[in-house]
Amino acid sequence: MIWWNVANAQSFMPTEGTKIASQVDNLYGFLLISSTIGCAILIGGMIYFVWKYKRKTNSDKTAYISHNTMLEFLWSFIPLVIFLGVFGWGWIIYHDMRAMPKNALEIHVYGKQWAWEMEYKSGVKTSNLIVVPVNTDVKLILTAVDVIHSFYVPSFRIKQDAVPGRYTNLWFNANKLGEFHIFCTEFCGTQHSTMIGTLKVVTKEEYDAWLEEESKFELLPLAERGRKLFQLKACASCHNIVDAKSTATAPSLYGKFGATEQLADGSQVPVDENYLRESILNPNAKIVKGYNPNVMPSFQGQLSEVELGALVEFIKSLKN
Ligand code: CUA
């Protein structure tokens with residue numbers, strides 16, 4: 001934290017959640033202030049000269065000045081030193097940012113339309129949520145399942161493309177407890193703007209307890225597993241599960257099982273296990289009246305039979 005670091009003000013920039021975030025802000029603060037001073041000298045000097053050397057009478061003659069070696073040397077050399085300094089400074093921070101730490105906590109991150117899915121090495125999966133212990137090196141191994149996404153944590157000042165067909169990396173060491181935004185910063189389709197997640201920095205003890213709790217997933221009853229999957233696959237971002245009358249971008253699932261669905265083509269279909277299964281795997285097969293096709297992504301190949309069963313049982317349980 002240096003005195004000229006105006007970019008550090010809370011109302012101005014997101015919280016600095018890592019050491020690198022502070023370093024990036026210091027560099028940007030320097031650029032901002034040196035540019036402002038440079039601009040003031042240039043524009044101020046120009047305005048002063050316009051006033052001072054304005055022709056005052058018709059017989060005024062312009063003095064003949066060919067050049068000034070010292071002046072020209074200084075206005076080239078001083079900026080050169082500043083620019084090289086900024087280059088070296090930036091290179092050092094960028095090098096820190098890109099040199100992956102050894103023995104880091106590694107988490108796989110999958111970008112997909114339109115959610116971030118995480119997988120820990122213990123097998124724990126989350127959606128739009130990363131939980132990490134404070135003051136620990138964390139390495140993210142990113143990829144995408146469909147199109148290019150970009151993983152961005154403003155408070156950490158780090159950003160990396162998630163590209164289909166290859167892995168990219170990102171690392172951080174959070175030094176502040178709290179919740180931070182995760183954004184997708186690559187336009188990836190109609191719901192790009194909803195591709196938002198939370199990065200939670202907790203104490204080591206809280207992290208261990210959380211991981212342990214999450215790893216009990218396989219032992220849960222089927223409908224409870226379905227509830228977790230429903231969150232995990234981000235179904236809840238479109239489907240309401242508590243209000244049957246909700247008219248969001250997707251039909252409400254509350255009290256749906258056993259009812260009859262009106263379809264867009266005028267026909268009717270009973271909501272049974274097979275209808276739910278088909279709607280998860282092939283959402284465009286039957287479009288509910290009043291809703292648009294091609295909104296829901298297909299989950300074909302992304303769910304095991306057990307997972308599908310768990311989701312169906314969860315939807316069946318949504319009634320009073
Ligand atoms: Cu994913 Cu934008």
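Bear in mind the structure is a predicted one, so any value in this text is a computation, not a measurement. Numbering of ligands and ligand atoms starts at 1, following listing order.
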If you check every N/O/S atom of H192, which is the one nearest atom 2 (Cu) of ligand 1?
-> ND1
Among the N/O/S atoms of E186, select the one at the shortest distance from atom 2 (Cu) of ligand 1 and name it.
-> O
Angle class for the H95/W91 ring planes (parallel below 30°, perpendicular above 60°, tilted otherwise)?
-> parallel
Decide yes or no for H149 and H192: does some side-chain heavy atom of the first lie under 4.5 Å from some side-chain heavy atom of the second?
-> no
Round to 10° and report the angle made at atom 1 (Cu) of ligand 1 by SD of M195 and SG of C184.
-> 110°
For the residue pair D137 and N103, confirm or rule out a side-chain donor-acceptor distance under 3.5 Å.
-> no
Quick one: does K233's side chain get under 4.5 Å of F299's, heavy atoms only?
-> yes
In this structure, atom 1 (Cu) of ligand 1 sits at the vertex of an angle between SG of C188 and ND1 of H149 that rounds to 10° as 100°
